[in-house]
Amino acid sequence: MSLFLIAALPFLGAIFPGLLIRAGRNASASAAGLASFLAFTGLMIHAPAVLRGEVVTARFDWLPGLGLNANFMLDGLGFLFATLILGIGMLIILYARFYLSRHDPMGQFYTYLLLFQGAMVGIVLSDNILLLLVFWELTSLSSFLLIGYWKHLPAGRQGARMALAVTGSGGLAMIAGMLILGHIVGSYDLSVILQNKEAIQASPWYLPALLLILLGCFTKSAQFPFHFWLPHAMAAPTPVSAYLHSATMVKAGIFLMARMWPVLAGTPEWFYIVATTGLVTMVVGAVIALFKDDLKALLAFSTVSHLGLITMLLGFGTKVAAVAAMFHIVNHATFKAALFMSAGIVDHETGTRDIKRLGGLRHLMPVTFGIATIAALSMAGIPPLNGFLSKEMMLEEAFHTTWLDSHIVIPGLAVFAALFSAAYSFRYISHVFLGPKRQDYPHPPHDPGPGLWLSPAILVFLVVIIGLNSATVAGPVVSASAQAVIGGELPYFKLKLWHGFTPALYMSIIAVLGGLLLLGLHRHLERVWNTLPRPEAKAIFDAVIDVLTRLSRAVTDGLHNGVISRYAAIMIAFTVGIGYYAYATGTTGLPTRVPLEAPIIPIIGWICLVGATLAIMWFHRNRLLSLVLIGVVGLIVSMAFNYLSAPDLALTQISVEVVTMILLLLSLNFMPTKTPVDSTTGRKLRDAAISIVAGLGAGGLIYALMVRDFAFPTISGYHLANSYKGGGGTNVVNVILVDFRGFDTFGEIIVLGIAALVIFALAESVLSSNVRAYLLNRKPHWPQSGDSHPMMMVVVTRVMMPIALMVGAYIFFRGHNQPGGGFIAGLVVAIAFLMQYMASGYTWTIERQRFYYHATIGWGVLIAAATGLGAWFNDMPFLTSDFGYLHWPPLEEFEWATAMLFDTGVFLAVLGAVLLALDSLSRFAWQPGIQQEYPMDINPQRDAPPVPGPGPDTVIAVGKET
Amino acid sequence: MMDYAIYFTFACFGAAVMMCLWRIITADGVGTRVLALDTMVINTIALMVLYGLLLGTEIFFEAAMIIAMLGFVSTVAYARFMLRGNIIE
Amino acid sequence: MEALFASAVGVLTAAGIFLILRRRTFPVILGLSLLTYAVNAFLFATGRLALNAPPVLNKYADVPYTDPLPQALVLTAIVISFGMTAVIVMIALGAYLSSKDDRIDMKAHDSVDAAPGEDV
Amino acid sequence: MNHWIIAPIVLPALLAPFIIMVLRYHLDLQRIFSVAGTVGLVGIALTLTAQAAGGEIQVYELGNWPAPFGIVLVLDRLSALMVLLTSLLALAVVLYAMGSGWDKRGRHFHPLFQFQLMGVCGAFLTGDAFNLFVFFEVLLIASYGLMIHGGGPVRFKAGVQYVTYNLLGSTLFLFALGTLYSVTGTLNMADLAVRVADLPTEDTALLRVGAVLLLLVFCIKAAVLPLHFWLPASYSLAPMPVAALFAIMTKVGAYSILRMYTLAFGPDVAITQGLAGDWLLPAALVTLAIGAVGILGTQHIARMVAFAAIASMGTLLIAVSLFTPQATAAALYYAVHSTLAAGLMFLIADLVIERQGGRIDGMTPMPQSGLIATLYFIGAIALAGMPPLSGFVGKLLVMDAARDAGDFSAIWAVILVSSFITIVGLARAGSLIFWQSHDARHNTEPDPENEDKVIHLPPPEPMPGLTFSAVFGLVAGLIGLTLFAGPLMEYTSSMAEQLYTPQHYVDAVLKGGEQ
Amino acid sequence: MTEFWEIVIAFFLIISGIFGFVGSFGMIKLKDPMSRLHAPTKATTLGVGGVLIASILHSLALEHRLSLHELLITLFLFLTAPVTALFIAKWHIHRHETPESLPDAGEDGKWATHAVPPEEDAPDQTAT
Amino acid sequence: MKLLRRVFPHPHLTILLTIVWVLLANAPSLNSVVFGLILGIVIPFITQPYWPDRPILRNWPMVVEYILVVLWDIVVANFTVARIILFKRDADRQPNWVCIPLELRSPEAITVLAGTITMTPGTVSCDLSAQGHNLLVHCLDAPDPDAVRDEIKHRYERRLKEIFE
Ligand code: NA
Ligand code: NA
C-alpha cells in the first residue's frame with residue numbers, strides 16, 4: 001500500500017464518523033476503527049521490507065518552488081512509531097466506544113481522533129521537514145480539539161489552550177530551525193539532510209537551529225520546564241489521555257529527536273542540552289508524580305518522567321543509549337496506555353479518580369486490578385516485565401556517562417528517579433486496589449464489560465510477552481528502528497532479562513527497595529511535600545497569558561483609541577517626515593524659470609485669502625461665520641484660477657462652491673451652530689505645530705516645483721496639438737475631459753452618482769429609524785420669521801430659473817470650444833432647480849417635478865457608457881470619439897461630436913446627483929401634514945380669502961387641519 | 001489714459017474688496033457679514049470684467065456671469081438659514 | 001507671483017490641517033474643504049503659472065497656452081472632492097442625529113452589537 | 001482589438017445604473033442581476049487570466065489615443081489574477097449578503113456593490129497614474145456607502161472617521177501625482193518609468209518626494225503602520241459581508257506598491273533608491289506585530305478579525321518590501337490567501353454575531369454552533385498560518401524568501417512570535433465563543449448586572465443555504481490554494497518575473513518608442 | 001476718434017471705481033445695519049454698471065465689434081440684488097425690530113416677517 | 001388657443017430668453033436666433049409648472065418710459081447717496097422707515113416696484129405687510145418720510161399700475 005494512502009487513510013476516515021453518527025454509535029466507531037485498521041494493514045504489508053532494513057518511499061512534488069513536497073519514507077524508526085500510533089489507536093477506538101457516555105458527541109470524537117492519528121502518522125512518515133512541520137502543527141491543532149472535547153468543562157478548555165499555546169509555540173520555533181537546517185543543506189528532504197552531518201555541525205547556524213528544533217521537541221514532549229501543560233491536558237476524556245500521552249503526541253518530540261539524531265547528536269551542545277533536560281525532567285516528573293492524588297495526574301507526571309528518561313538516553317549520544325531509547329519507547333507505550341485505560345475504567349466505574357477516595361478495589365474489580373497491577377509493575381521496573389528491561393539498559397548507560405567530569409551526577413539522579421518511579425507505581429497499586437474495601441465510593445464499582453478492559457488487556461499481554469521474550473517479539477523492531485536512528489552499524493546489544501550482576505542490577509534493586517520504603521513513608525513525606533513552596537505552573541502560565549492579554553489590550557486600545565485627530569496627526573507628521581527624508585536625500589537644481597511679477601490685484605487677493613483663512617481658524621467655533629468665510633476663500637480661489645488662465649476651473653469651482661455651501665447649510669440646520677472648546681492649549685499648540693510644518697511642506701514643495709521647468713516635454717503638448725484635429729474642440733481642457741481622458745471623467749461621474757446614492761440610502765436609513773421622531777419634535781435653533789416663501793423671491797425665480805437653464809444650455813453647448821461643458825452645465829441647471837426649491841419650498845416644487853433623480857443619474861452613466869461602447873461597433877476602443885459638421889441652409893454649419901453625447905451623460909449624471917443629494921437632505925426637515933398649496937405665502941391677488949392663523953395666506957395645515 | 005483709468009478702478013475695487021473682507025471679519029451680526037460677502041462678490045465681478053477689459057479678452061465673461069447668478073443663490077441661502085433655519089422647506 | 005501662490009497653498013494647507021485636527025465633525029469638514037482648495041491649487045500649479053494664456057485654441061493668432069492637463073485633472077479632482085464632501089457631510093449629520101453628539105472621536109470598544117441595523 | 005480588458009469595468013458600471021433605474025423597487029430582481037453580473041465578472045476574469053497566462057502584455061488604448069497621451073488599461077499576469085481574485089471574493093460576498101438578508105437592511109446595496117467592483121477592477125487594470133486615483137475614489141466612495149449600509153449611530157460615527165481618514169489619503173494622492181507630473185510631465189506609468197530613468201540629477205529630490213508620497217498613499221490603503229488607523233473601526237463596524245469584500249481593498253494598496261515600485265521606481269532605479277526599502281520593511285514588521293497584538297487584545301470578534309486583516313497585511317508587506325522576485329512571488333501567493341482567509345473570517349464573524357452577538361465572552365450557546373465552530377476553526381487556522389491550510393504555506397514562502405535578506409532573523413522572529421500571539425488570541429476567542437457558551441455556570445445563573453445589556457438579535461439569516469455555501473466556497477478556495485500551491489506558486493513566480501522585467505511592460509504600452 | 005472713445009471709456013471706468021469704492025466704504029462707515037444695506041446698491045448699479053458700459057464701449061469703439069453680453073450681467077444683478085437686500089432686511093427686522101419699532105402695517109396688522117404662526121402646543125406628530 | 005397657451009405658456013419669457021441667448025452667443029446671427037428661439041420655447045415649457053399664472057403686460061410704451069425713468073433716478077440717486085456716505089456725518093443722517101400702502105395687487109407688479117425701490121440708492125424695500133397690502137421701505141436719509149412715500153407712489157406705482165393692471 002502506498003505511503004500516501006497510509007498517511008491519508010486516517011484523514012479520509014475522519015470524514016465518516018461525523019457523518020455516520022446518525023446511523024448509530026457503533027457505525028461511527030466501526031468506521032473509525034476500519035480506517036485505522038486499513039492503515040495498519042497497509043503498514044504491516046511493508047513490515048518485512050522495513051525489518052530487512054529497506055526504506056520504502058513515496059514522493060510527490062507539492063510545492064517544489066519552496067521545497068515543500070509530499071515526500072514520505074518508511075524506515076525502521078517510522079515503522080516503530082507508526083505501528084504504535086495505529087495499533088494503540090485501534091485499541092483506543094475500541095475503548096472509547098464504551099468509555100464515552102451517551103451525551104458525548106461520539107462522531108466528533110472519532111473525527112478529531114482520526115485527524116490526530118493522521119497527523120501523527122504523517123509526522124513519522126515524512127521525508128520532508130517542511131511536510132513534517134505541517135503534520136507537527138496539525139497534531140497541536142487536533143490535540144487542541146481532543147483536549148477541549150468536553151467543552152462544558154473549564155478545565156478542558158484551559159488545558160486545551162495551554163497545550164496549544166505551548167506545543168504550538170514550540171512548533172513555531174521549529175519552523176525557524178527547520179528553515180535554517182534546510183538552508184544549510186540546500187534541501188528540505190530528510191533523506192538529504194540526514195546525509196549532511198558534517199555540513200550541519202560545521203555551520204555557524206548549527207546552534208540556533210539546534211536550539212529552535214529542540215524547543216519544538218521539548219515543548220511537545222513536555223520536557224522541563226515546558227512539562228506543565230501535560231497534566232492539565234488530563235482534563236480530556238481518558239481515551240484521549242491514553243492515546244496522546246502514552247504513544248503519540250508526547251512521543252512526537254522524542255521521535256523528532258531520534259529522527260534528527262544522526263545529524264544533530266554527538267556534539268557537546270547536544271549532550272548538555274538534551275541529556276540534562278531529560279535528566280531533570282525525569283527526576284522532577286517522578287518526584288511530583290508520587291504526590292499526586294489524581295490518578296491521571298499521577299500518570300501524567302510519570303509520563304513526564306519517562307519522557308525525560310528517553311530524552312536523556314537520546315541525549316547521551318551513544319549508539320547503545322539510542323537503542324535503549326527505542327526500546328523504552330515501545331515499553332512505555334504499552335504499559336502507559338494500559339495504565340491510563342485502567343485508570344479510566346476506575347474513574348468510569350467508581351466515579352472518582354481521587355486516590356484518597358479509593359482503595360480496596362481488588363475484590364470489586366479483579367480484572368482491572370490484574371491489568372493495572374501488571375502494567376504498574378512494569379512501570380516500576382520489576383522483572384520480568386518489559387519496563388524492567390529498558391530501565392536496566394538506561395541505568396547501565398547512565399552509569400557510564402559523565403557529566404561535567406562528574407561520574408556521580410547522572411547515575412545518582414537516575415537511581416533517584418527510578419526510586420521515585422517505583423514508589424509511585426507501587427502507590428498506584430496499593431492505594432487504589434489494595435487495602436480494605438470502602439463504603440463511600442461515588443458509584444458502586446464493579447468490573448466493566450470486555451469492551452472496556454479488552455484494550456488494556458491486550459497491552460498488558462504485550463507487556464508480559466515483551467518482557468519474557470524480548471529478543472523475538474521486540475527485537476526486530478527495535479533493531480530496525482535503532483538502525484534508522486543511528487544510521488550505521490548497530491552496536492552490540494542483547495535484549496534479555498538477565499545480564500549478570502551489573503551495576504545496573506544493583507541500581508535497580510536500590511530503586512525497587514527504596515520505592516517500597518518511600519511508599520511506606522508516603523504519609524509523612526506528603527506532609528513535608530505539602531509544606532514545601534512549589535511554583536504552580538498553571539498559575540504562572542495563566543498569569544503570563546493574562547499579562548500578555550492585558551498588555552495586548554492596553555496596547556491595542558491605547559493605540560486605537562478612536563481619537564481620529566490623533567490618527568490624523570500621526571499620519572500627517574509621518575508623511576511630512578518621510579517626505580522630508582526623501583527630499584533631503586536627493587538633489588535639487590536652481591530655479592530655471594523667471595517668476596511672474598505680482599501686481600496689486602493678486603496681492604489683494606492674497607491678503608483676502610490669507611485673511612479669510614486665518615479668520616476661519618480664529619472663528620471656527622462660530623460655524624455659520626466660518627461657512628461665510630469659506631465662501632470668501634472659494635471665491636478668491638476661483639478668481640485665482642481665472643486670473644491664472646484657467647477659466648474652466650474658475651467656473652467649476654464657483655458652482656461647486658455654492659452647492660457645497662447649500663449642503664453644509666442644510667445640515668447645519670440640524671446640528672449645533674457653535675463648536676464648544678474641546679482642546680487644551682497644549683493640544684492646540686501641538687496641532688498648530690503640525691499644521692505649520694505641513695503647510696510649509698506643501699507650500700515649499702509647490703514653490704520648488706513652480707520655479708523649475710519640466711525636465712521633459714509634457715504630454716499635454718500632444719493634447720494642445722491634437723485637440724482640434726483629433727478631438728474637434730478648441731477648449732483643450734474640455735477635450736481632455738471628454739476625449740483624451742474621458743475615462744477619468746467616466747469614473748468621476750460615477751463617483752458623483754455613487755455619492756448621491758450613498759446620501760439617499762443614508763437618508764432612508766436615518767429617516768426610517770427613531771431619529772424620525774426626534775426630527776419631528778425638534779425645535780429650531782432660533783425663532784423662525786414669518787413669510788417663509790416671500791413673494792419677491794418667488795417672482796424673481798420665475799424669471800431667473802428659465803434664464804439659468806438657458807445659461808446652463810449655453811455653457812453646455814459651447815463647452816467643447818470655449819470654457820464650459822457638461823459638468824458645469826449640470827451644476828448650473830441643478831442650481832436653477834435649487835433656486836426653485838428655495839423660493840417655493842420642497843413640497844410645492846417636488847409635486848411639480850417631472851423627472852426622477854435616480855433615473856437621471858442612471859441615464860447619465862448609461863449614456864456616457866453607451867457613447868463609449870458605440871466605438872466597439874467600429875472595432876475601436878471604448879470612448880473613441882468621432883466628430884463632424886452638419887449644414888442646414890440657411891443656417892451656418894453646426895458641429896456635432898460624439899464627445900458631446902458623452903458630455904450629455906456627464907450633464908445628466910451631475911444634475912441627478914446634485915438634486916438627489918439635496919432632495920435627500922431636504923427630506924430631513926419634512927413634517928407630516930405640511931401641504932403647501934401656493935408657491936408664495938403672500939399674494940394679495942389671490943381669490944381665496946386668507947385663513948386666520950398661521951401666515952395670512954399660507955396654508956400650513958399642521959396635524960389636525962388636514 | 002485709459003490704462004490709468006483702469007488701474008485707478010482696479011485700485012478702487014481692490015480697496016472695496018478688502019473693506020468687504022474687513023466687514024465680514026469684524027461685523028457683529030451674520031446679516032452684515034452676508035451683506036458684505038454679497039458686496040464682495042459684486043466687486044469681484046467688476047474686477048473680472050475690468051481685467052478682461054485690460055487684456056482685451058472675453059474669456060472671463062462666463063465666470064463673471066455665473067458668479068452674478070450664483071452669488072445670489074448663496075446669499076439667499078444664508079439669509080434663509082438665518083430667517084427660517086431650513087433653507088429648503 | 002509664485003511665492004504668493006505657494007504661500008497661499010501653504011496657509012490653506014496649514015489651516016485645513018489645523019481644523020481637521022479638531023474634535024467635532026463640522027470643523028473637520030471645514031478643514032477638509034480648505035485642504036481641498038490647497039491641493040487643487042497645488043495640482044493646478046504643477047502646470048506652472050501663466051497669465052492670459054488659457055488653453056482655448058485661438059484660430060486667428062499664435063498665442064501662448066498654459067498647460068491644460070493639470071486643469072483637467074483639477075477639474076476631476078474638484079468634482080470628486082465635491083462628491084466626497086457631500087457624503088461626509090451627510091454621514092456626519094446621520095451620526096449626529098442618531099447619537100445627538102457631534103464629537104468625531106469614538107471609544108475603543110464601540111461596537112454595533114447593541115442594535116444591528118437599528119438606532120439606540 | 002481585445003475588448004475583454006475593459007469588460008470588468010464596464011460590466012458593473014452598466015449593471016449598477018441599470019439596477020438603480022429599472023429594478024429600484026424589486027429586491028429579488030436586483031439580487032438575480034447582481035449575482036448574474038458577478039458570475040459574469042468571474043467568467044470575464046477567467047478569460048483574462050487565460051489570456052494573460054502566456055505572458056503577453058496587452059494594452060487597451062481608451063479613446064484610441066496612443067499612450068502616454070490617453071489612458072491605457074494594461075493586462076498582465078498580475079492584473080488578471082487580481083481581477084480574478086476580486087471576482088471570486090465578490091461572488092461569495094454577494095451570495096452571503098443575500099442569504100443573510102444584509103442586502104435589504106438599507107437601500108442600494110447591489111448598485112454600490114457593483115460600483116465597488118468596478119473601482120477595484122479599474123484600479124487593477126489601469127496603466128495611468130491619475131486614472132488610478134480616479135478608480136481609488138470610485139472604490140472608496142462605494143465603500144463609504146457599503147460601510148454605513150444598515151445605519152446606526154456607531155456605524156455612522158465610524159463612517160465619518162473612515163471617510164475623513166481616506167479623504168486625507170486622497171489629498172495626499174493628489175499631492176503626489178502633482179509632484180510627479182510636475183517633474184516628469186507625464187501620467188502614464190510606463191512613460192513615467194522611462195522618464196524617471198532619464199531624469200536629470202537636479203530634479204531627483206522632487207521626484208523622490210513625489211514617489212514617496214505615492215508610496216505613503218498606497219501604504220494607507222494597505223494599512224501599514226502608522227497609517228493603518230482607519231482600518232480597525234471601519235472594518236469591524238461595517239456590515240460583515242462588506243468587511244469581507246473590503247479584504248480586497250487593502251490588496252489594492254499592496255498591488256499599487258508592487259506595480260509602481262517595480263515599474264517606475266524599481267529596485268534598479270538609482271534615483272529612488274532607499275525610498276521603499278528603508279522603512280517599509282520595519283513598518284511592515286510593526287504592522288504584523290500590532291495586528292497580532294490586536295487579535296489578542298480585543299473583546300469583539302469583528303474587531304479581532306479586523307486586526308487579523310492588519311496582521312496579514314503586515315506579513316504580505318514584509319514580502320513586498322524585500323523587492324526580490326522570489327519574495328514578490330511569495331507575496332502574491334500570500335495576497336490571494338489572505339484575501340480569501342480574511343473574507344472567510346468576516347463572514348464567519350457575521351454568522352456568530354447574528355446568533356450570539358460579537359462580544360467574546362461566551363454568552364449562550366448558539367444554533368448550528370457545531371458547524372460554525374468548525375468553520376471558525378478552519379478560518380482561524382488559515383488566518384494564523386497554521387497547517388494544513390494555505391496560510392502556513394504562505395508564511396513559509398515569505399520566511400523562505402526573507403532568508404537572503406540581511407536581517408532575516410528579525411523578520412522570522414516577528415513572524416513567528418506574531419503567529420504565536422495570533423494562535424493564542426484566536427484560540428482564546430474560539431474557546432470562549434463556542435465552548436464557554438456551553439458552560440453550565442453561564443447558562444444557569446442569569447447575570448443581573450447584564451440584564452439591560454441583553455442583546456436582541458434579528459432572526460438568523462433567511463436563506464442559510466446561501467450563506468453557508470458562500471462560506472464553504474471560500475473554504476474550498478483556501479483548500480484549493482493549498483492543494484495547488486505548486487502550480488500557483490509557479491504562476492506567481494511568473495508574475496513576479498514579469499514585474500521585475502518592466503521593460504516588457506514599457507514596450508507594450510509605449511509600442512517600443514516614446515512619442 | 002480713438003482718443004475720444006478712450007476718454008469716454010476712462011470716464012465710465014472712473015465713475016464705476018468711485019461708486020464701487022463708496023459702496024463698500026459705506027459698509028465700513030455706516031453704523032446701523034439697516035443703513036449699511038444701502039451701500040451695495042451703489043456697487044451694483046453704477047459700480048458694476050460703469051465697468052460694463054466701459055467694456056461694451058471698448059469692444060464697440062476700439063475693437064469694432066458689437067459685444068453686448070455684458071448686459072446680461074446687469075440683467076442678473078438687477079433681478080437678484082433686490083431679493084438679496086430684501087432677505088437681509090427681513091433678517092434685520094426679524095432679529096432687531098419689533099412690531100412696535102416699525103411703522104404701522106395698516107389693515108394687515110403686522111409686517112410679514114413678524115407674522116409668525118402662533119405656537120402650537122406641541123402636537124404629537126410622531127403618531128402620524 | 002389652449003394648445004397654444006400650453007406650448008407658449010409665457011410668450012414674454014420666450015422673447016426674453018431668445019434675447020438672452022443671442023446675448024450669450026454674443027453674435028446676432030441667424031444661427032443664434034433660431035437656436036435661441038428653440039430653447040426659448042422649450043425652456044418655458046419645462047418650467048411652466050413653476051409659473052402657473054400668466055401675467056400680461058398691457059402697455060408697452062409705458063414699459064419703456066418706466067425703464068428710462070428708473071435709470072435716470074438711479075444715476076441721480078447714486079450721486080446723492082455717495083454724497084451722504086462720503087461727506088455727511090453719521091449723526092446728521094436721518095434714517096427712517098416708510099410704509100407705502102399698495103394699490104398694486106399683482107405679485108409681478110409689486111415685485112417690480114419693490115425692486116425698483118431697492119435699486120435706486122437711498123431706499124430699500126424691506127418687507128411686505130402680512131397680506132401684501134403695504135410695503136415697508138427703509139430710507140438712508142429721509143427727514144420727511146411722507147414725501148418719499150408720495151414720490152414712490154407717483155413715479156413708480158402709477159406707471160406700474162398702467163403696465164400690469
Ligand atoms: Na463639451
Ligand atoms: Na476619442
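Values reported hereafter were calculated over all heavy atoms of this structure, with side chains retained and with hydrogens, waters and symmetry mates removed. Here the structure is a predicted model, which means the values were calculated and not measured.
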Chain D contact via C:Leu32 - side chain, backbone, both or neither, heavy atoms under 4.5 Å: side chain
Residue pair C:Ile91, D:Tyr162: steps toward the side chain to side chain contact (heavy atoms under 4.5 Å, CB included) verdict: CA-CA 10 Å; C:Ile91 302 178; D:Tyr162 175 53; over 6 Å; no
Under 4.5 Å from any heavy atom of chain D - which part of C:Ile17: neither
Gap separating the OG1 atom of D:Thr164 from the CD1 atom of C:Ile29, nearest 0.5 angstrom: 7.5 Å
Pair C:Asp101 + D:Lys157: basic N to acidic O under 4.0 Å: yes
Heavy-atom proximity to chain D below 4.5 Å, by part of C:Arg103: both
Atom pair CG (C:Leu35) and CG (D:Leu168), whose distance is rounded to the nearest 0.5 Å: 6.5 Å
Under 4.5 Å from a heavy atom of chain D, the part of C:Asp102 involved: neither
Structural part of D:Phe175 lying under 4.5 Å from a heavy atom of chain C: both
Selection from C:Leu73, C:Leu93, C:Asn40 maximising heavy-atom pairs under 4.5 Å formed with chain D: C:Leu73
Candidates D:Thr171, D:Thr179, D:Leu174 - the one meeting side-chain contact (heavy atoms from CB on, under 4.5 Å) with C:Phe42: D:Thr179
Between C:Pro70, C:Gly47, C:Ala38, the one whose heavy-atom pairs under 4.5 Å with chain D are most numerous: C:Pro70
Worked verdict on D:Leu237 versus C:Met106 for side chain to side chain contact (heavy atoms under 4.5 Å, CB included): CA-CA 12 Å; D:Leu237 295 172; C:Met106 302 178 67; 3.4 Å; yes
Rounded distance [0.5 Å steps], CD1 in C:Ile80 versus CD1 in D:Ile141: 8.5 Å
Exam field: side chain C:Arg48 to backbone D:Ser182, donor-acceptor pair closer than 3.5 Å: yes
Short side-chain to backbone donor-acceptor contact, D:Gln161 and C:Ile104, under 3.5 Å: yes
